[in-house]
Amino acid sequence: MFDRRRIFAWCLFDWANSPYTTLVVTFIYSAYFAQTFAPDIIRGTAWWSRAVAAAGLAVALLSPALGALADRGGLRLRFLAITTATCVLATAALTWVVPGAPHAVLLALALFVVADVGFELGMVFYNALLPTVAPPAYLGRVSGYGWALGYAGGLVGLVLALVGFVQPETPWFGISRANGLNFRATCLLAAVWLAVFALPVFAMLREQRPPGVRLDVRHAFGELAATFRAVRRYRDAALFLLARLLFNDGLITVFAFGGIYAAGTFGMTLAEVIQFGIAINVAAGAGAFFFGFVDDRIGGKRTVLVSCAALAAATALAVWAPTRAWFWVAGMLIGVFAGPNQAASRSLMARFTPRGSENAFFGFFAFSGKFTAFAGPLLLGIATQAFASQRAGVATILVFFVVGGGLLLLVDERRGRLTAAAAP
């Protein structure tokens with residue numbers, strides 16, 4: 001049944017959580033941390049890479065087990081509420097960590113890891129709700145709607161941060177510019193935004209707990225092992241998850257270091273980084289929206305393949321770019337194709353998922369996106385330090401797009417959909 005209210009409530013959660021990504025992970029707080037908490041941009045990049053890697057590893061270890069628990073107990077919305085609250089509280093707390101204070105670096109990185117784990121685990125339960133709100137024929141476009149609305153939310157968050165906190169001599173709400181409080185206050189903006197706009201998904205969606213089912217951790221782990229064996233039997237789903245281990249790692253690394261790279265290599269101020277981020281979010285929202293229709297027409301596999309090739313070319317251009325103008329071109333290309341890559345990956349996974357196993361399969365979907373997620377940031381940090389060059393670090397991202405896209409060629413989307421539909 002096509003229930004527009006449920007679909008809108010589900011899509012609005014993307015609008016709610018995207019400012020966390022744009023303001024904290026990609027464009028403002030990450031660049032601010034690397035410039036002010038660290039003695040130099042190279043060490044700041046390396047420290048941030050360790051935190052991103054730690055969060056990715058934690059999500060990889062936790063997501064399949066929590067997905068199995070949610071499947072068995074009908075706990076998707078409850079777990080989504082807990083992880084969302086965790087992200088909100090830890091993100092808000094980043095506002096009050098002052099550079100130069102005792103243990104400030106460790107505290108800031110620890111809070112970021114907690115917030116990022118909450119955010120990414122929440123995406124497991126959020127993504128698993130997609131097949132329950134969208135009919136099979138509309139999975140691609142509904143997933144695209146969500147990503148497009150998410151990029152719009154990230155865009156609005158960036159604009160508010162720029163005009164309300166970064167540019168004014170007197171920031172909104174009387175916030176001081178001393179010690180960069182106006183920059184850190186963008187974390188509070190992201191936290192409040194998430195807390196407010198996440199409410200509709202909990203108000204509009206309902207979840208029935210299976211009768212007579214208790215929250216049995218031991219049994220859930222047994223089912224997790226059975227699901228792992230089942231995923232292996234779904235050959236195309238397994239191949240897709242293997243490919244996503246790599247190409248999504250490249251995308252995560254691009255998001256985590258885009259602002260740091262813009263500031264460190266091209267000398268952009270934080271205000272200019274935000275303007276750059278605004279432009280990228282406009283391109284990404286348009287790409288996610290329009291490629292949702294392309295996904296339903298040509299299939300998720302082809303859409304992801306096209307995006308991987310384009311992202312590899314754009315990353316190579318960003319590494320080579322001799323001027324800011326060329327870097328802007330690379331950034332716009334990344335924006336246009338990042339949204340379709342994420343949206344089509346989510347819809348393709350939904351097509352490969354048997355009914356009744358959504359959380360477990362999307363737990364492995366998150367696992368595939370995070371199991372090696374520490375590798376990209378870690379490799380970038382090592383290469384940056386080894387060559388004392390951010391360009392050398394960013395060049396390592398190319399490997400993930402190229403190899404991941406190559407593995408995706410082995411996936412047969414039609415066979416994978418038929419296998420899922422025929423599952424008992």
Side-chain angles (χ1 to χ4, degrees), residues 6-28 80 83-84 87-88 91 115-116 118-130 133-134 138-161 186 189-202 204-205 248 251-252 254-256 258-259 274 277-293 295 303-304 307 311 331 334-350 362 365-366 369:
R6 283 167 51 84
I7 288 173
F8 178 72
W10 181 84
C11 290
L12 195 62
F13 192 83
D14 258 323
W15 164 277
N17 66 22
S18 289
Y20 164 79
T21 302
T22 54
L23 300 183
V24 180
V25 179
T26 306
F27 294 112
I28 300 182
L80 180 59
T83 53
T84 299
C87 183
V88 166
T91 301
D116 208 49
F119 171 85
E120 295 291 351
L121 287 178
M123 291 301 291
V124 174
F125 311 112
Y126 170 62
N127 288 336
L129 291 167
L130 174 60
V133 299
Y138 292 89
L139 285 171
R141 69 191 67 180
V142 171
S143 182
Y145 293 158
W147 280 113
L149 194 58
Y151 281 117
L155 169 64
V156 174
L158 282 168
V159 171
L160 291 177
T186 60
L189 171 63
V192 172
W193 186 286
L194 175 55
V196 171
F197 288 109
L199 294 177
V201 78
F202 302 109
M204 294 296 298
L205 302 188
N248 192 67
L251 202 55
I252 288 171
V254 166
F255 288 153
I274 295 172
I278 289 170
I280 288 178
N281 270 263
V282 171
F289 181 82
F290 288 110
F291 271 88
F293 295 92
D295 178 352
T303 305
V304 176
S307 66
L311 288 168
I334 288 172
V336 167
F337 288 98
N341 183 280
Q342 295 168 306
S345 293
R346 180 164 63 188
S347 64
L348 186 59
M349 188 69 224
F362 272 101
F365 181 74

Please report the interatomic distance CE(Met204) to CG(Leu12), rounded to the nearest 0.5 Å.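 Separation between the atoms: 11.0 Å.
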Among Thr26, Asp116, Thr91, which one satisfies side chain to side chain donor-acceptor pair (under 3.5 Å) with Tyr20?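 Among Thr26, Asp116, Thr91, the one that satisfies the side chain to side chain donor-acceptor pair (under 3.5 Å) with Tyr20 is Asp116.
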Can you list everything that forms a side-chain contact (heavy atoms from CB on, under 4.5 Å) with [X]? Sequence neighbours excluded, please.
X: Ala161; result: Leu23, Ile28, Thr186, Leu189
X: Ser307; result: Val304, Phe337, Asn341
X: Thr22; result: Pro19, Phe27, Leu158, Asn281
X: Val201; result: Phe13, Leu80, Leu205

Just wondering, do Ile280 and Ile334 contact through their side chains at under 4.5 Å, heavy atoms?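 Of all side-chain heavy-atom pairs linking Ile280 with Ile334, none is under 4.5 Å.
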Side-chain heavy atoms of Asn248 within contact of Ser345, under 4.5 Å: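 Of all side-chain heavy-atom pairs linking Ser345 with Asn248, none is under 4.5 Å.
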Taking salt bridge (Lys or Arg N to Asp or Glu O under 4.0 Å) as the cut-off, I'd like each qualifying pair that reaches into residues 277-290, sequence neighbours left out, listed once.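 The answer is none; no pair qualifies.
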For a quick test of reading the model, state the closest non-hydrogen atom pair linking [X] to [Y] and the distance between them.
X: Val196; Y: Pro200; answer: O-CD, 4.0 Å
X: Val88; Y: Ala195; answer: CG2-N, 4.0 Å
X: Ser18; Y: Gly154; answer: CB-N, 3.8 Å
X: Ala344; Y: Ser347; answer: O-OG, 3.1 Å
X: Gly287; Y: Pro340; answer: O-CG, 3.4 Å
X: Thr83; Y: Gly122; answer: OG1-CA, 3.2 Å

State, without any angle test, whether Asp14 and Tyr145 hold a side-chain donor-acceptor pair at a distance under 3.5 Å.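 Short answer, no.
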With no hydrogens and no angle check, is any side-chain donor or acceptor of Trp10 less than 3.5 Å from a backbone partner on Asn127?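 A pair under 3.5 Å: no.
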If you draw a 6.0 Å radius around CZ in Phe202, do more than 12 non-hydrogen atoms from other residues or ligands fall strictly inside?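 It does: Phe202 CZ has more than 12 such atoms within range.
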Can you name the ring-ring contact (aromatic ring centres under 6.0 Å, His included) partners of Trp15, sequence neighbours left out?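 Only Trp193, Phe197 meet the ring-ring contact (aromatic ring centres under 6.0 Å, His included) criterion with Trp15.
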